[in-house]
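Report on one structure; see the data block that follows.
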Amino acid sequence: MNAEVQKGEGLETPGARELLLQTASNIMREGDVVDISLSELSLRSGLNSALVKYYFGNKAGLLKALLDRDMETIVKSVDALLSKDDMDPEAKLRRHISKCIDTYYAYPYLNRLLMRLVRDSDEAEAKRIADQYLLPLHRAYNRFIGEGVKAGVFRAINPQLFYFTVTGAADRFFSARLVLKHCFDQDTLTEELRDSYREHTVDFIMAGILAH
């Protein structure tokens, strides 16, 4: 083990791993990037940068762990929504799209990080990411839309294309701060902006899928 890690203060500090992940998330969100500097991570977290090696192996391992943290949250929320038998298909889909907007507001780097890790990882790791996160979402969209079509409230559309529509709408807006800055003199992702975009996106997408 790295000697710096062996003697680093706070090696067993409760919550150190979670603090490193959250600090990395904050850096990427605030900088609108999908990479981090270990020196900045250390400065912002107040932890020895050698702890990245201790907990994650290297920076790539840290980024994979961050993706796991954020994507697991999405998959669990989708599973919970699918299990709600007391909600009609339209209400479920509206809730899901709303949660997507909230998720990308919190983690605007998420889709770019996902694509980077799938591209840069070996075949086994890329398949793990797909099997653990992408395929469950695809199956969930099959159910969301299938239930709505069966109930007569949705048009029969391609769930795969619908996934790209929802993800693209959420990702593109919250990862386009340079456009906001240079075209609209606004480069801060405010809660008011999130709320307005959520309402707009839910209404816009639902208008395209509702049977009537």
Side-chain angles (χ1 to χ4, degrees), residues 17-41 44-45 52 55-78 96-138 140-141 159-184 186-191 193-198 200-202 204-205:
R17 184 180 188 279
E18 291 71 23
L19 178 57
L20 288 170
L21 288 173
Q22 187 55 49
T23 304
S25 177
N26 293 342
I27 291 172
M28 290 197 291
R29 184 182 193 276
E30 294 166 14
D32 196 22
V33 295
V34 287
D35 201 359
I36 57 170
S37 159
L38 293 185
S39 60
E40 183 180 5
L41 180 66
R44 294 273 298 267
S45 67
V52 171
Y55 286 113
F56 308 104
N58 52 32
K59 185 169 73 171
L62 169 66
L63 295 179
K64 289 177 183 178
L66 182 60
L67 179 71
D68 286 340
R69 186 199 72 166
D70 296 344
M71 288 301 298
E72 282 176 2
T73 300
I74 293 176
V75 172
K76 287 179 180 178
S77 70
V78 169
H96 171 68
I97 298 170
S98 295
K99 291 295 291 183
C100 282
I101 298 302
D102 290 345
T103 297
Y104 277 87
Y105 169 77
Y107 315 124
Y109 55 80
L110 186 55
N111 194 56
R112 286 174 292 165
L113 178 61
L114 175 66
M115 293 299 101
R116 169 180 170 169
L117 292 180
V118 169
R119 182 190 67 234
D120 295 348
S121 298
D122 58 30
E123 188 69 22
E125 176 61 15
K127 188 176 187 308
R128 180 193 74 85
I129 293 173
D131 289 347
Q132 197 162 339
Y133 304 123
L134 299 181
L135 290 178
L137 289 176
H138 175 64
Y141 278 13
Q160 184 182 49
L161 298 182
F162 188 78
Y163 163 80
F164 288 113
T165 298
V166 174
T167 302
D171 170 65
R172 178 60 178 166
F173 186 76
F174 292 117
S175 64
R177 281 170 46 193
L178 289 179
V179 176
L180 289 173
K181 178 179 180 180
H182 294 295
C183 294
F184 306 109
Q186 181 174 1
D187 63 353
T188 302
L189 299 176
T190 64
E191 292 183 356
L193 188 62
R194 176 202 61 196
D195 294 345
S196 295
Y197 189 67
R198 185 201 300 120
H200 163 82
T201 304
V202 170
F204 197 84
I205 293 176

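Note that the coordinates shown come from a computational prediction; the quantities given were computed from them, not determined experimentally.
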(message) How close do Leu66 and Met28 get, counting heavy atoms only, and between which atoms?
(response) CD2-CE, 3.0 Å
Listing, residues 159-167 side-chain donor-acceptor contacts under 3.5 Å, not counting sequence neighbours, or none:
residue : atom : partner : partner atom : Å
Thr165  : OG1  : Leu161  : O            : 3.0
Thr167  : OG1  : Tyr163  : O            : 3.0

(request) Grab the two heavy atoms, one from Ser45 and one from Leu19, that are nearest each other, plus how far apart they are. (result) O-CD2, 3.5 Å
(request) Taking all heavy atoms of Val52 and all of Leu20, pick out the closest pair and write down the distance. (result) N-CD1, 4.3 Å
(message) Can you list everything that forms a side chain to side chain contact (heavy atoms under 4.5 Å, CB included) with Asn58? Sequence neighbours excluded, please.
(response) Ala60
(request) Could you tell me whether a side-chain N or O of Arg116 sits under 3.5 Å from a main-chain N or O of Val34, the two making a donor and an acceptor? (result) yes
(message) What's the separation between atom NZ in Lys59 and atom OG in Ser37, rounded to the nearest 0.5 Å?
(response) 7.5 Å
(request) State the CG-CG distance between Leu38 and Leu62, to the nearest 0.5 angstrom. (result) 7.5 Å
(request) Kindly compute the distance separating OG1 (Thr201) from CD1 (Ile97), expressed to the nearest 0.5 Å. (result) 8.5 Å
(request) With sequence neighbours excluded, tell me which residues meet salt bridge (Lys or Arg N to Asp or Glu O under 4.0 Å) with Lys64. (result) none
(request) Scan for salt bridge (charged side-chain N to carboxylate O under 4.0 Å, His left out) pairs involving residues 106-115, sequence neighbours excluded, and state none if there are none. (result) Asp32-Arg112
(message) To the nearest 0.5 Å, what is the distance between CG on Leu117 and CE on Met71?
(response) 11.0 Å
(message) With rounding to the nearest 0.5 angstrom, report the CD to CG distance, Glu125 to Asp120.
(response) 11.0 Å
(message) Measuring from atom CG of Leu110 to atom CE of Met115, what distance do you get when rounded to the nearest 0.5 angstrom?
(response) 9.5 Å
(request) Write out all pairs satisfying side chain to side chain donor-acceptor pair (under 3.5 Å) with one or both partners inside residues 100-111, taking only residues at least two apart or from two chains. (result) Ser25-Tyr109, Asp70-Tyr109, Asp102-Arg198
(request) Report yes if some heavy atom in the side chain of Glu18 is under 4.5 Å from a heavy atom in the side chain of Arg69; otherwise report no. (result) no
Compile the donor-acceptor pairs under 3.5 Å between side chains in residues 129-138 and protein atoms, sequence neighbours left out, one pair per line.
residue : atom : partner : partner atom : Å
Asp131  : OD2  : Lys127  : NZ           : 2.6
Gln132  : OE1  : Arg128  : NH1          : 3.0
Tyr133  : OH   : Asp68   : OD1          : 2.8

(message) Testing the basics here: between Ser121 and Ala126, what is the closest heavy-atom pair and its distance to 0.1 Å?
(response) CB-N, 4.1 Å
(message) Are Leu193 and Phe173 packed together at the side-chain level, in the sense that at least one heavy-atom pair is separated by less than 4.5 angstrom?
(response) yes
(message) Set out, in order, the CA-CA distance, both residues' side-chain angles and the distance that settles side chain to side chain contact (heavy atoms under 4.5 Å, CB included) for Leu67 and Leu114, then state yes or no.
(response) CA-CA 7 Å; Leu67 179 71; Leu114 175 66; 4.0 Å; yes
